[in-house]
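Data block below; observations after.
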Amino acid sequence: MINALERLGRSVLDTTGRFGRGHLFLFRTLLRFFGIFKRPSLLVQQLFSSGVLTLSIILVSGLFVGMVLGLQGYNNLVGFGAEESLGVVVSLALVRELAPVLTGLLFAGRAGSAMTAEIGLMKATEQLAGLEMMAVDPYERVFLPRLLAGIIALPCLAAMFAAVGILGGHLVGVELLGVDSGAYWSQMQASVNFTNDVVSGLIKAVVFGVVVSWIAIFEGTDCVPTSEGVSRATTRTVVSSALAILALDFVLTAVMF
Amino acid sequence: MFGVNSKSGATARAKAAKQQPVVPVLPDGEDALIKIRNLHFSRGRKAIFNGLSFDIPKGRVTTIMGPSGTGKTTLLKMIGAQLAPTKGSIEVDGQNVHRLRRKALFELRTRMGMLFQSGALLTDLTVFDNVAFPLREHTELPESLIRHLVLLRLHAVGLRGARDLMPSELSGGMARRVALARALILDPMMIMYDEPFTGQDPISMGVLLDLLRTVNETLAVTSIIVSHDLQESLSISDYVVIISDGVVVEAGSPDQLRSSDSPWVQQFLRGDPDGPVPFQYPGPTYQEDLFGESTHD
Ligand SMILES: Nc1ncnc2c1ncn2[C@@H]1O[C@H](COP(=O)(O)OP(=O)(O)OP(=O)(O)O)[C@@H](O)[C@H]1O
Ligand SMILES: [Mg+2]
């Protein structure tokens, strides 16, 4: 009983401590914001490794999600004779919800876990300490470019996810099931609002970008510097990012729509 | 005076150590570059330093010795201000490193070189780029000059031919020599070497010893070596400090140490497993552990 209480207390302290350190970490990284202009090449490099290398998985997933939406949407709409509205259903679902959320989840799994593992290993092999001793600030040199790359890459990836998804819906709905192509596009154009739907979807993606890369980098710096510690931190990145994305998605949806 | 020790038990020894901390004075005519005063530090419940005080002379080779786990690496990290003590101070070149603002600290660190126990090379850069890294970060030198300087340093550690390898393709000893080349590249005023000789074959060892000595003599670099390789380090040191249980137990020139009558020093120099310096990490006695009541259920 006492043991259980003790364990509960310790885990509460642990979590609060990590929470505080996490915020301090984000604050310290953002303080160095202007440092990125000193070495823009670092940002480009990170955009490549977390953005470009995630692109293929995003495109493939987007295509399949769009195709499933096309199929499901058609099957449901055709009962009301409303299959002409398929374009609206597919595009709204993608732009508002699925593209930012699924991209966020995929990004956490593909790029976020890699960031955590990389930084965790840098810590375990004393590379971060080495940088500090060479008077190079790891916040500016290692963390900031990764954070910004995540924030920039995620909305771009989400936009591409949505675009490919809409094409996937078109492929199934129009090419296979015979919905009128003109109706698919024109109804979509008429009902999808730029600020309400597209911009709010992108805002979600930006928020997820901040959260995922923040969690990923922080977990890397906060890990126990052993191989087990790094693997645990990687798992924590994926789990916490997923939870944070889903919870924030609800909050953002409630606020914006 | 060491009579207490016959009672055995690590705590009795630790107490004896606390009661007789030696606060060494530098030999005449030596200037201190680093002043460590009354340093206290703990990791969890374990006290690592209990009022450690000594000076490190400028332009000399100083070796810090002590049993494994006494906190030599920790001390080097404190000198580099990567860890802060709970009490006490460290002054480097007249500046209290733990009171400096970030900018001043970074400026000071560009004048400090540190060779990590693990090498700490950046794994995504080649050997060449690793050595060039501090130059590219801190200077505006043209690439041709950087190449020149890097090859010079790599040549000195015998790895000019390995410049295009990645750190993962190096052996432990090679990685440490690359790290040494990198630590030397900015011509620092002081270098801290954490176990530079581990994993070196006799030839590289000889070369390294020469190199360390040359670096110290030609560039007047203050060198601080943490090492367990007794004969090697004594052969190139001007000053030796032995730490145990968080305090200095002896300090002086290699000759003074060899002729010291302190049982600590004699045990350390001879490598006896038994004596005032405990070989075992503090804990319950062996007998208790093996035959006593089980402590975890
Ligand atoms: N990150 C850490 N967390 C908790 N304790 C630590 C940590 N790092 C070191 N210690 C403890 O601090 C003590 C000193 O460690 P340190 O690495 O400074 O020893 P050392 O003198 O360099 O030993 P060695 O000669 O084996 O390299 C050890 O007893 C170790 O248990
Ligand atoms: Mg050590």
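Chain letters run A, B, ... following the sequence lines, proteins first, then strands; residues in each count from 1.
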(message) Just to be sure I understand the criterion: a residue of residues 110-117 of chain B counts if one of its heavy atoms is under 4.5 Å from a heavy atom of chain A. Which ones qualify?
(response)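 Against chain A, the residues of residues 110-117 of chain B that fall inside the cut-off (heavy atoms, under 4.5 Å) are Thr110(B), Met112(B), Met114(B), Phe116(B), Gln117(B).
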(message) Heavy-atom count check: over 12 atoms from other residues, nucleotides or ligands less than 6.0 Å from Arg99(B) CZ?
(response) no
(message) Can you confirm whether more than 12 heavy atoms, excluding those of Arg110(A), are under 6.0 Å from its CZ atom?
(response)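 More than 12 within 6.0 Å, yes.
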(request) Look only at the side chain of His138(B) and the backbone of Met134(A), and say whether a donor-acceptor pair between them is shorter than 3.5 Å. (result) yes
(message) Has Gln127(A) got a side-chain atom pairing as donor or acceptor with Thr123(B)'s backbone, closer than 3.5 angstrom?
(response)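 Answer holds: yes.
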(message) Between Glu137(B) and Lys38(A) (salt bridge meaning N to carboxylate O under 4.0 Å), is one present in this structure?
(response) no
(message) Evaluate Phe133(B) against Leu131(A) for side-chain contact (heavy atoms from CB on, under 4.5 Å), listing each step before the verdict.
(response) CA-CA 10 Å; Phe133(B) 184 83; Leu131(A) 281 178; 3.5 Å; yes
(request) Can you tell which part of Leu105(B) gets under 4.5 Å to a heavy atom of chain A, answering side chain, backbone, both or neither? (result) neither
(message) Need one label for Leu121(A): side chain, backbone, both or neither, based on atoms under 4.5 Å from any heavy atom in chain B.
(response)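 Neither part, no heavy atoms under 4.5 Å.
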(request) Apply side-chain contact (heavy atoms from CB on, under 4.5 Å) to Glu126(A) and Lys77(B), showing your working. (result) CA-CA 11 Å; Glu126(A) 298 192 300; Lys77(B) 284 190 177 159; 3.5 Å; yes
(message) Taking every non-hydrogen pair under 4.5 Å, which of Ala129(A), Ala135(A), Gly130(A) racks up the most with chain B?
(response) Ala135(A)
(request) Find the distance between NZ (Lys103(B)) and CG (Asp137(A)) and round it off to the nearest 0.5 Å. (result)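 So the NZ of Lys103(B) and the CG of Asp137(A) are separated by 13.0 Å.
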(message) The criterion is side chain to side chain donor-acceptor pair (under 3.5 Å); which residues satisfy it with His228(B), sequence neighbours excluded?
(response) Glu195(B)
(message) Out of Met192(B), Arg102(B), Arg182(B), return the one with the most heavy atom pairs under 4.5 angstrom to chain A.
(response)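 Most heavy-atom pairs within the cutoff with chain A belong to Arg102(B).
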